[in-house]
Amino acid sequence: MDFIGSKRAVDEGSAYVAGGVNSGYRTGLRPNPLVFTSAHGCRLTDIDGNELIDYFLGMGPMILGHSPHSVIEAAKNQLDVSLLVAGQTPLEYEAARLVTELVPSAELVRFASSGSEAVQVAFRIARAATKRMKIIKFEGHYHGWFDNVLWSVAPDIAMAGDPLKPIPVAGTEGQEPGDNLVVLPWNDAEVLEEYLKSGEIAGIIMEPIMFNTGGVLPRAGYLERVRELCDKYGTLLIFDEVITGFRVAPGGAQARLKVTPDLTILGKALANGFAVAAIVGRREFMDLVGTGRVMHGGTYNTQAISMAATVATLKEIASGSTHLAIDKTGTLLIEGLREEFTKAGIMHEVVGFPAVFNVRFDLHGPTDYRSAMKANRERYMNFSFEMLKRGVRILPRGTWFLSSAHEIKDIESTLGIVREVLNAGI
Ligand SMILES: Cc1ncc(COP(=O)(O)O)c(C=O)c1O
């Protein structure tokens, strides 16, 4: 397979679109950014006519696959009813009710249009609730692209220096994170307590399972300890479940790992590709937004087509059928990958759950960002590129997303291609 047509289209499009792409995360992919003409089920078709089995899934949202009938029908039907009313529709109450039924921490819901902005509401609530300013985030965790949190996301370890010193990402260079952002290594409750003792921390935000970089599970007892520490020091615990939400379990990582945060950020799989995110949490904190003491706005919040799609997506997830299907195919895929890598003599680790997991080479058992970065990432990137050339699109960073549209035959085709790539050598 080649991707020449995509390259040409992106080059030509660069005359009108900065860099030819509309998100900074769509550049830098080998061999070049791709241009797609359609997407159905678990397959993408690109402008070169290549058909690819897709494990990007829009970077996570498409948990029911591309163009699932129920979601598309709901969105199409709503197009004839209303689009944007600068008011409420019954759909958003139904969507919110479904979220509260699925997600343990969700006593109240506020919808937003992207995960990045929902994170900002969480910070505002934590600060208003505690009358403190500082937020703790962890190295290697991603919480959207806004200045106040785009620090120490994926620093180059060779250059990174002190793990407690926030490291800028492109665009925040030359700024100071200020005293309001503390960056710590994740999975270390002792270091965390040292900082909480100051009594100055409004909130702690984390990916409860680190999937944006590295793929690391929390150590046994870590999340429980963080929960205890937050209660002890009057700090709000914020889980960013934009990736893990509805994937690790219908109720997210918090349901599976049985630790309930004060606030949760949701997005991605919440609406199967429509621009919907949410902040949800304990009534006493969400009431700060409810009463207007904490401002949260957005012209496009609860746009009716997106809400119709959200209701349709959540109904499918709540029915249990989505996870039933993915548990079967995802388990087959994870076990198949382990078998193929073992047969090929490649030291590897597959970490996660059927609907979202991470694969790394040549490293076992990292516990935080710095240790995870010791994996053989170049070898994995080569592997992902060889997979792409044979028709399987996986993220070069190691994350795999699965949908209920992936069938056993797609998993078998994928594993066949893995075998082919490994036989050819990586
Ligand atoms: C954990 C996490 N939080 C927040 C975000 C930002 O969400 P959005 O891209 O919808 O702004 C992302 C996006 O990938 C994410 O993975």
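Start at 1 and go down the list; that is how both ligands and their atoms are numbered.
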**Request:** Would you check the N or O atoms of S116, main chain and side chain alike, for any that come under 3.5 Å of an N or O of ligand 1?
**Result:** yes

**Message:** For V119, which part has a heavy atom under 4.0 Å from ligand 1: side chain, backbone, both, or neither?
**Reply:** neither

**Asked** Which is it for M59 and ligand 1 at heavy atoms under 4.0 Å: side chain, backbone, both or neither?
**Response** neither

**Complete:** Note: R256 and A249 closest approach over all heavy atoms is CB-CB, 4.2 Å

**Fill in**
ligand 1 to H143, heavy atom cutoff 4.0 Å, flagged ligand atoms 3 (N), 4 (C)

**Message:** In this structure, does ligand 1 have an atom that sits under 4.0 Å from one of the heavy atoms of K268?
**Reply:** yes

**Request:** Name the closest protein heavy atom to atom 1 (C) of ligand 1, giving the residue it belongs to and the distance to 0.1 Å.
**Result:** Y142 O, 3.2 Å

**Prompt:** If you count the non-hydrogen atoms of other residues, nucleotides and ligands that lie under 6.0 Å from NZ in K389, is the total more than 12?
**Reply:** yes

**Validation row, ring centre F401 to ring centre F56 under 6.0 Å** = no

**Asked** Looking at atom 4 (C) of ligand 1, what's its closest protein heavy atom, distance included?
**Response** D240 OD2, 3.5 Å

**Prompt:** For the residue pair H406 and Y55, does the interplanar ring angle fall in the parallel (under 30°), tilted (30 to 60°) or perpendicular (over 60°) class?
**Reply:** parallel

**Item:** Protein heavy atom at shortest distance from atom 8 (P) of ligand 1
**Value:** G115 N, 3.5 Å

**Asked** Between E92 and R110, is the closest basic N to carboxylate O distance under 4.0 Å?
**Response** no

**Prompt:** For atom 16 (O) of ligand 1, which protein heavy atom lies nearest, and how many Å away is it?
**Reply:** N212 ND2, 2.9 Å

**Request:** Classify the ring geometry between F357 and W400 as parallel (under 30°), tilted (30 to 60°) or perpendicular (over 60°).
**Result:** parallel

**Message:** Using a 4.0 Å cut-off to any heavy atom of I243, which atoms of ligand 1 qualify?
**Reply:** 16 (O)

**Request:** Could you tell me whether F341 and F383 have their ring centroids closer than 6.0 angstrom?
**Result:** yes

